[in-house]
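These numbers were taken from a predicted model, which means no experiment stands behind them.
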Amino acid sequence: MTELMHILNRGVDKRKIFMDKQDHLRFIHDLYEFNDVNNIYNTRHHIHQLNNPNAKKQLKPRQKIVDILAFCLMPNHYHLLLSPRIEKAVTLFMKKIGTGYANYFNQKYKRSGTLFEGRYKSILITDEKHFIHLPYYIHLNPLDLCSPEWRERIIPEPEKSIEFLENYRWSSHLDYIGKKNFPSVTNRNLLIEYFNGSERYKKSIHEWIINMKNNFNLIKQVTLE
């Protein structure tokens with residue numbers, strides 16, 4: 001099985017780290033932009049270069065640090081499912097993400113100091129059942145906002161919860177069910193192949209919700225909550 005890491009980090013004192021739409025978009029932009037072995041010192045300058053036909057020839061080709069298989073942003077934390085492509089990939093990628101986004105956030109909101117509660121939490125996925133079920137768990141996190149009972153393995157209105165998830169932009173769930181949202185951020189080939197396509201994945205997450213109690217028991221060691 002491909003080496004996979006489940007990553008979680010949250011705001012210091014459980015504070016919000018995404019205050020508005022721009023913050024969400026910036027972090028998702030960083031997931032793409034900083035996933036490059038080549039250093040990027042000035043993001044705006046880099047974007048300007050990408051929009052300049054003459055400058056494009058001078059840019060080094062992207063060399064991904066990790067494959068991002070899945071992600072989900074919540075108001076005060078985020079989840080990532082990563083597969084390393086180089087040595088010490090996760091450490092390098094998370095340092096770039098953490099530093100880059102914290103600098104942006106502190107500058108925007110005129111604050112200083114630590115944004116995240118500490119070093120990100122991580123766990124290596126070694127069991128196939130964890131690999132199968134963890135992407136569902138990551139993509140179900142937004143239910144905290146509409147049906148928090150799901151943490152108790154209860155979803156009173158499954159159809160409404162599914163509809164909510166299909167309208168929540170800040171995760172890779174939409175791309176997995178075939179709705180283009182942020183397709184360039186994630187590498188979905190492995191999971192889509194494993195789940196036999198987007199339609200099957202969509203049906204499977206419905207089934208996961210219905211059998212939530214049993215499914216939670218299978219992955220409780222790797223949820224990092």
Side-chain angles (χ1 to χ4, degrees), residues 1-8 24 27-28 31-32 35 62 64-74 78-86 89-90 93 122-147 149-151 153-225:
M1 188 174 73
T2 302
E3 184 177 341
L4 297 174
M5 299 289 295
H6 179 204
I7 306 292
L8 176 145
H24 287 87
F27 191 89
I28 292 169
L31 288 177
Y32 176 86
N35 190 12
R62 287 184 78 232
K64 283 196 212 177
I65 302 170
V66 296
D67 283 320
I68 304 171
L69 275 70
F71 72 88
C72 183
L73 311 188
M74 297 295 292
Y78 62 82
H79 291 267
L80 303 174
L81 184 59
L82 305 179
S83 177
R85 294 173 65 102
I86 63 172
V90 173
F93 181 64
S122 66
I123 191 165
L124 178 66
I125 307 304
T126 58
D127 193 309
E128 186 175 8
K129 67 175 179 287
H130 296 159
F131 164 71
I132 294 170
H133 293 281
L134 188 59
Y136 298 135
Y137 169 79
I138 290 173
H139 289 153
L140 288 176
N141 260 253
L143 294 183
D144 286 348
L145 306 175
C146 74
S147 186
E149 304 92 340
W150 85 286
R151 295 287 179 182
R153 317 327 186 225
I154 300 169
I155 296 188
E157 299 179 276
E159 292 305 319
K160 285 189 177 181
S161 295
I162 290 165
E163 182 181 0
F164 181 83
L165 292 175
E166 292 183 0
N167 287 281
Y168 188 81
R169 288 195 66 198
W170 315 121
S171 85
S172 49
H173 175 63
L174 293 182
D175 289 306
Y176 270 97
I177 64 173
K179 295 183 178 181
K180 285 188 177 181
N181 191 32
F182 302 107
S184 60
V185 172
T186 51
N187 183 342
R188 299 177 300 284
N189 295 336
L190 178 64
L191 288 174
I192 287 295
E193 181 179 352
Y194 195 91
F195 294 121
N196 296 315
S198 295
E199 281 302 315
R200 181 56 196 160
Y201 168 82
K202 187 174 181 179
K203 291 178 182 177
S204 295
I205 203 163
H206 292 195
E207 295 166 1
W208 207 96
I209 288 173
I210 293 169
N211 297 302
M212 181 173 288
K213 187 172 183 179
N214 291 332
N215 291 328
F216 251 109
N217 290 334
L218 292 173
I219 61 167
K220 59 185 177 182
Q221 304 99 320
V222 295
T223 58
L224 290 175
E225 300 287 1

Salt bridge between Asp175 and Lys180, side-chain N to carboxylate O under 4.0 Å?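 Lys180 and Asp175: not salt-bridged.
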
Basic-acidic side-chain contact under 4.0 Å: Glu207, Lys202: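 Between Lys202 and Glu207 there is no salt bridge, as every charged N stays at least 4.0 Å from the carboxylate O atoms.
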
Side-chain heavy atoms of [X] within contact of [Y], under 4.5 Å:
| X | Y | answer |
| --- | --- | --- |
| Ser171 | Leu174 | no |
| Glu166 | Ile162 | yes |
| Leu81 | Ile68 | no |
| Lys160 | Ser147 | no |
| Asp127 | Ile219 | no |
| Leu82 | Asp67 | no |
| Pro142 | Phe164 | yes |

Run the side chain to side chain contact (heavy atoms under 4.5 Å, CB included) check on His79 and His6 step by step: do they pass? CA-CA 7 Å; His79 291 267; His6 179 204; 2.9 Å; yes

Do Arg62 and Tyr32 meet the cation-pi criteria used here (NZ or CZ under 6.0 Å from the six-membered ring centre, within 45° of the axis)?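 The answer is yes, since Arg62 meets both limits relative to Tyr32.
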
Say whether, by atom type as modelled, one donor and one acceptor occur between the side chain of [X] and the main chain of [Y] under 3.5 angstrom.
| X | Y | value |
| --- | --- | --- |
| Arg188 | Pro183 | yes |
| Asn189 | Leu191 | no |
| Asn181 | Arg169 | yes |
| Ser204 | Arg200 | yes |

Ser172-His139 side chain donor-acceptor pair, cut-off 3.5 Å: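 Their side chains do contain a donor-acceptor pair, which is all the 3.5 Å distance test asks for.
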
Roughly how far, to the nearest 0.5 Å, is the [atom2] atom of [Y] from the [atom1] atom of [X]?
| X | Y | atom1 | atom2 | result |
| --- | --- | --- | --- | --- |
| Met74 | Trp170 | CE | CH2 | 13.5 Å |
| Lys203 | Asn196 | NZ | CG | 11.0 Å |
| Ile210 | Ile205 | CD1 | CD1 | 12.0 Å |
| Ser161 | Ile155 | OG | CD1 | 4.5 Å |
| Asn141 | Leu8 | CG | CG | 8.0 Å |
| Leu80 | Leu31 | CG | CG | 6.0 Å |

Under the side chain to side chain contact (heavy atoms under 4.5 Å, CB included) criterion, do Phe71 and Ile138 qualify, and how do the steps go? CA-CA 7 Å; Phe71 72 88; Ile138 290 173; 5.9 Å; no

Given the rule in the side chain to side chain contact (heavy atoms under 4.5 Å, CB included) test, do Leu124 and Glu3 qualify, once you have shown the distances and angles that lead to the verdict? CA-CA 8 Å; Leu124 178 66; Glu3 184 177 341; 3.5 Å; yes

Is it true that Tyr78 and Phe27 have ring centroids separated by less than 6.0 Å?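 Yes, the ring of Tyr78 comes within the 6.0 Å limit of the ring of Phe27, centre to centre.
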
Centres of the Tyr168 and His173 rings: under 6.0 Å?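 No: the rings miss the under 6.0 Å criterion.
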
Between Tyr201 and Tyr136, how do the two ring planes meet: parallel, tilted or perpendicular, split at 30° and 60°?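 Ring orientation, 0 to 90° scale: parallel.
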
If I compare all heavy atoms of [X] with all of [Y], which pair ends up nearest, and what's the gap?
| X | Y | answer |
| --- | --- | --- |
| Met212 | Trp150 | SD-O, 3.6 Å |
| Ile86 | Lys64 | CG2-O, 4.4 Å |
| Phe131 | Ile125 | N-CG2, 3.7 Å |
| Ser198 | Ile177 | CB-C, 3.9 Å |

With a 6.0 Å cut-off (strictly less than), is the heavy-atom count around CD of Glu149, excluding the residue itself, greater than 12?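 More than 12 heavy atoms, drawn from other residues, nucleotides or ligands, come within 6.0 Å of this atom.
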
Side chain to side chain contact (heavy atoms under 4.5 Å, CB included), that's the test. Do Tyr194 and Glu128 meet it? Break it down for me. CA-CA 11 Å; Tyr194 195 91; Glu128 186 175 8; 2.5 Å; yes

